[in-house]
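A quick write-up on the structure given underneath.
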Amino acid sequence: MRIVIADDAVLIREGLSALLRQAGMTVLAAVKDAHELLDAVAGHRPDAVIVDIRMPPTYTTEGLAVAERIRRDYPGIAVLVLSMHIETEYALAIVNSGEGGVGYLLKERILDVEQVVTALRELASGGAVIDPALVEELMARRRTGGRIDRLTVREQEVLALMAQGLTNRAIADRLRLSSKTIESYVTSILERLQIDAAEGVHRRVRAVLMYLRSNTSAGWGP
């Protein structure tokens, strides 16, 4: 997979570049700001981009803005946004920017390069990946109402693990259930959420996005 990395911290971008190369990825460029990132994307047309949510000059939402622009201008390029802390509002904005191919992870996850590689591959296939810590917070604070509340407690648990990017096999291992049982739960989730079978492979992505979007009007406290 061909990757472009954007982070203003040289240790982060060089360290992540080295780890990804060791994992068999091709790092085409490692840049320090949004302007250089857009130039690199236009010049290299990578398979995926990894971008820090906060970059120069204001260190607020430059990374988020450039992620949304790349998703708009280059819909075939997967985008993985990194953040030092859980930023619920921004994370949900990232997820809501497209049907798939976009994800959000905490920076601490780069210490486990296999987790980053797995996330990139999931995004490249059109999936959506959300950091487990954010999913746990959303589960704890999710508002009531909407289709999600049609799901049983176990179905919501399965859907939350789907939102983390886990496969049916991985979910089965986590919950100590059979793969066939998880397949049944997934089928039930899609039916209860009224996601049309015509959506094909994107049904799973739509279920995850519906779960995450159910939190956008939750009114987060401090």
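Because only heavy atoms are used, hydrogens play no part in the values below, and waters and symmetry mates are left out as well, while side chains stay in.
When side chains are defined from C-beta on, Leu16 does not count as touching Met25, because their heavy atoms never get closer than 4.5 Å. At a threshold of 4.5 Å between non-hydrogen side-chain atoms, the residues Leu161 and Leu175 count as touching. When side chains are defined from C-beta on, Leu151 counts as touching Leu193, because their heavy atoms get closer than 4.5 Å. Between Leu20 and Ile50, some side-chain heavy-atom pair lies under the 4.5 Å cut-off. Within the 4.5 Å cutoff, side-chain heavy atoms of Leu177 are placed close to those of Arg154. Looking at heavy atoms from C-beta onward, Leu123 lies out of side-chain contact with Val79 at the 4.5 angstrom threshold. Between Ile5 and Asp52 the shortest side-chain heavy-atom distance does not fall below 4.5 Å. The shortest distance between side-chain heavy atoms of Gln22 and Val113 does not fall below 4.5 Å.
Checking side-chain atoms of Arg21 against main-chain N and O of Val27 turns up a donor-acceptor pair under 3.5 Å. At least one donor-acceptor pair under 3.5 Å links the side chain of Asp131 to the backbone N or O of Leu106. Side-chain atoms of Arg54 never come within 3.5 Å of backbone atoms of Gly63 as a donor-acceptor pair (strictly under, hydrogens ignored). In this structure, the side chain of Glu62 engages the main chain of Thr60 through a donor-acceptor pair within 3.5 Å. At least one donor-acceptor pair under 3.5 Å links the side chain of Arg192 to the backbone N or O of Arg150. The backbone N or O of His44 sits less than 3.5 Å from a side-chain atom of Arg2, completing a donor-acceptor pair. The closest donor-acceptor contact from the side chain of Thr118 to the backbone of Glu114 lies under 3.5 Å.
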Before giving the answer on side-chain contact (heavy atoms from CB on, under 4.5 Å), spell out for Val81 and Leu64 the whole-Å C-alpha distance, their side-chain angles and the decisive distance to 0.1 Å. CA-CA 8 Å; Val81 178; Leu64 178 61; 5.8 Å; no
For Ile70 and Leu37, run side-chain contact (heavy atoms from CB on, under 4.5 Å): C-alpha distance rounded to whole Å, both residues' side-chain angles, the deciding distance at 0.1 Å, then the answer. CA-CA 10 Å; Ile70 292 170; Leu37 174 57; 3.9 Å; yes
Yes or no on side-chain contact (heavy atoms from CB on, under 4.5 Å) for Glu68 and Thr61, after CA distance, side-chain angles and deciding distance? CA-CA 11 Å; Glu68 292 175 339; Thr61 59; over 6 Å; no
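Of all non-hydrogen atoms in Pro75 and Arg72, the two that sit nearest each other are CD-O, 3.9 Å. Heavy-atom minimum distance, Asp7 versus Lys107: OD2-NZ, 2.8 Å. Between Ile77 and Arg71 the shortest heavy-atom distance is O-NH1, 3.7 Å. Taking both residues in full, the closest heavy atoms of Ala78 and Ala124 are given as CB-N, 3.9 Å, listed atom of the first, atom of the second, then distance. Annotation for Arg13 and Val31: closest pair CD-O, 3.5 Å, computed over non-hydrogen atoms. The shortest heavy-atom contact between Tyr59 and Asp8 is CE2-OD2, 3.4 Å.
To the nearest 0.5 angstrom, Asn168 atom CG is 7.5 Å from Met162 atom CE. Arg174 CZ to Ile182 CD1: the interatomic distance, rounded to the nearest 0.5 Å, is 11.5 Å. With rounding to the nearest 0.5 Å, the separation of OG in Ser178 from CZ in Arg169 is 8.0 Å. Leu120 CG to Leu80 CG: the interatomic distance, rounded to the nearest 0.5 Å, is 5.5 Å. Separation of atoms CG (Asp173) and OG (Ser179) is listed at 7.0 Å; rounding is to 0.5 Å. A distance of 11.5 Å separates CD1 in Ile53 from CG in Leu105, rounded to the nearest 0.5 Å.
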